[in-house]
Amino acid sequence: MDLRSGQTLAVVGESGSGKSTLARAITGLLPPRSGTIRFAGRELSRDLAGRSKDDLRELQMIYQMADVAMNPRHTVGQIIGRPLEFYFGLKGEAKQKRIQALLDEIEMGRGFADRYPAELSGGQKQRVCIARALAAKPRLIICDEVTSALDPLVADGILKLLLDLQKVEGVADLFITHDLATVKAIADSIAVMYRGAVVRYGAKSDVLAPPYDDYTDLLLSSVPEMRLGWLEEVIASRRMESAGN
Amino acid sequence: MRRIPLSALIGLVITAAYLLAALFAPLIAPYGMADVVGGVWEPSSSQFWLGTDGIGRDVLTRMIYGGQTTIAVALAATILSFTTGSVLGFTAAVVGGWVDQLLSRFIDLVMAIPTLIFALVVLSVMPVTMVTLILVMGLLDSTRVFRLARAVAVDIAVMDYVEAARLRGEGRGWIIFREILPNALSPLVAEMGMRFIFQVLFISTLSFLGLGVQPPLADWGGIVKENKDGIVYGIPAALYPAIAIATLAISVNLVADWILNRTTSLKGGRNG
């Protein structure tokens with residue numbers, strides 16, 4: 001698989017298919033058993049300890065559960081401010097300004113910097129997590145099921161925000177999800193995973209067009225669809241049958 | 001400011017009274033600590049509120065100075081046990097692997113030996129000074145704090161925010177003190193009240209057995225020891241330290257309970 005800057009790669013598959021494991025291998029939390037990870041022309045070390053600060057900075061992660069992705073005892077300002085301080089050595093006034101700019105980018109107003117995560121709504125929490133990732137000026141953001149815990153409207157807002165930011169900042173997104181509607185909406189390319197292996201990979205238009213392999217077919221056909229008028233159709237076909245007899 | 005519940009208020013007042021009495025002992029004690037001022041085992045009177053002890057010293061004075069020694073030693077030992085216990089416990093939980101195994105098994109080993117016997121052996125070999133007393137009490141008790149701190153930290157260390165900090169490249173110091181410690185504080189503080197009382201009992205036991213605070217310095221366990229023979233003759237001098245220890249224990253725990261309730265019900269507490 002490869003992923004260019006400013007593009008979105010969606011990784012789909014059922015639970016346990018290895019999507020999150022892939023993310024953990026890329027971030028270095030779980031050293032891969034085989035294969036290599038190349039990033040911006042260089043090969044990344046297999047485990048976390050071997051990576052440089054820049055490697056870590058350019059690769060950011062956003063989690064599924066925003067509740068537990070932020071320390072409940074840190075304020076929003078501290079959460080967003082820490083990467084600024086850690087990677088860029090920003091302090092005092094400059095740091096506060098950057099925090100404010102980031103809060104503006106995620107469409108959250110002033111007063112939020114002093115709040116604790118428990119005082120935010122689910123969508124706001126996820127926005128703060130996005131701001132924390134952006135603070136590091138990353139080149140790749142891994143989004144691990146970021147909208148699964150949110151209601152559809154809020155999830156939509158988060159997706160829009162991610163896409164807008166992608167346009168502005170030119171980051172690449174690796175989007176892990178099991179929601180095919182999301183995939184159709186945002187992905188440039190798609191990788192389908194099953195039992196720890198990629199079974200289908202390519203541009204969105206190729207992957208989502210027949211002929212399918214068996215697993216992709218199953219996956220696509222298992223999405224519930226809203227179909228109006230099915231009852232009339234059934235009745236009509238029964239009438240046809242009885243008329244034929 | 002939220003209202004303080006009555007139980008916590010009672011606890012606070014009594015604890016504060018003991019602490020202030022200990023702090024300003026020389027100012028409020030009617031006589032000198034080791035001065036013989038009356039006859040042997042005199043009953044309570046306007047001159048000696050709690051009577052006199054086996055060699056004619058004022059019991060109230062001994063109680064006030066005794067509280068000073070007992071509370072100071074117990075407090076120092078508690079602080080020592082909490083710093084060593086929680087730093088080691090957090091390290092074991094964060095580093096994991098063989099470091100965790102080594103530390104945990106060593107702690108198990110120490111805990112397998114009854115604390116009092118361990119302390120008696122060490123103190124009978126080493127010179128009994130305040131420093132050795134505090135070291136022995138603090139280090140022995142830190143095993144229990146280690147257990148608690150490690151258990152709490154293991155729960156917190158698997159949270160996504162700790163993983164996020166590791167991904168950011170943070171060092172162990174940051175993870176232990178900035179990510180885990182603030183979230184582990186409320187169970188630790190509640191435990192601290194308990195451990196402090198155990199230390200009070202421990203130092204009193206040691207002094208009663210003659211291996212704790214040495215005379216003529218007063219401490220509550222020592223006062224029981226000095227006056228225990230009087231009980232047979234109906235002299236209550238040995239009972240006052242028991243009353244002091246009991247009231248201090250209850251009031252400190254009332255305060256600890258309140259702190260625990262307050263910190264966990266705070267938004268952003270450990271469970272939400």
Side-chain angles (χ1 to χ4, degrees), chain A residues 20 23-24 26-30 45 47-76 78-87 115-120 125-126 128-129 132-133 135-136 138 141-142 144-146 149, chain B residues 2 86-87 89-91 93-100 149 151-190 192 259-272:
Chain A
S20 294
R24 293 172 73 81
I26 297 173
T27 53
L29 282 170
L30 202 69
S45 159
D47 57 0
L48 206 57
R51 299 197 177 177
S52 72
K53 214 167 171 177
D54 265 345
D55 288 342
L56 296 172
R57 179 179 67 76
E58 292 184 338
L59 229 158
Q60 289 291 315
M61 177 130 177
I62 303 172
Y63 293 87
Q64 175 178 10
M65 305 295 286
D67 298 312
V68 290
M70 291 184 287
N71 192 328
R73 301 272 178 194
H74 291 175
T75 62
V76 169
Q78 286 172 311
I79 290 166
I80 304 178
R82 182 59 189 167
L84 298 172
E85 205 179 287
F86 187 75
Y87 294 122
R115 292 217 203 165
Y116 285 93
E119 297 166 317
L120 305 175
K125 282 179 198 164
Q126 200 55 284
V128 173
C129 287
R132 174 172 67 183
I141 298 182
I142 299 172
D144 190 358
E145 309 245 16
V146 286
Chain B
R2 247 184 298 184
S86 48
V87 167
F90 290 163
T91 310
V94 171
V95 179
W98 65 268
V99 176
D100 184 18
V152 172
V154 161
D155 270 358
I156 299 174
V158 294
M159 296 295 228
D160 282 348
Y161 57 82
V162 179
E163 190 183 295
R166 281 170 55 208
L167 278 182
R168 203 187 304 138
E170 300 282 8
R172 274 185 194 134
W174 173 278
I175 289 178
I176 290 176
F177 290 108
R178 304 302 290 274
E179 304 286 347
I180 293 181
L181 183 63
N183 293 291
L185 220 48
S186 46
L188 282 180
V189 166
M192 205 163 177
I259 293 175
L260 183 70
N261 277 336
R262 224 179 66 108
T263 44
T264 44
S265 68
L266 248 187
K267 281 196 160 187
R270 217 166 78 74
N271 302 318

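All of these numbers come straight from a predicted model, not from anything done at the bench. Values reported hereafter were calculated over all heavy atoms of this structure, with side chains retained and with hydrogens, waters and symmetry mates removed. Throughout, protein chains are lettered first and strands after them, A, B, ... in sequence-line order, and every chain is numbered starting at 1.
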Closest non-hydrogen atom pair, A:Tyr63 against B:Leu167: OH-CD1, 3.5 Å
Reported CZ-to-CD distance for the pair B:Arg168 and A:Gln60, which is rounded to 0.5 angstrom: 8.0 Å
Top of A:Met61, A:Arg82, A:Gln64 for chain B proximity - count of heavy-atom pairs under 4.5 angstrom: A:Arg82
Interatomic spacing from CD in B:Glu170 to CG in A:Leu56 - rounded to 0.5 Å: 10.5 Å
Criterion side-chain contact (heavy atoms from CB on, under 4.5 Å) on B:Arg178 and A:Asn71, from CA distance to verdict: CA-CA 9 Å; B:Arg178 304 302 290 274; A:Asn71 192 328; over 6 Å; no
Taking every non-hydrogen atom, the tightest pair across B:Tyr161 and A:Met70: CD2-O, 3.3 Å
For A:Ala69 against B:Asp160, the heavy-atom pair lying closest together: CA-CB, 3.7 Å
Under 4.5 Å from a heavy atom of chain B, the part of A:Arg24 involved: side chain
Side chain, backbone, both or neither of A:Arg132 within contact of chain B (heavy atoms, under 4.5 Å): side chain
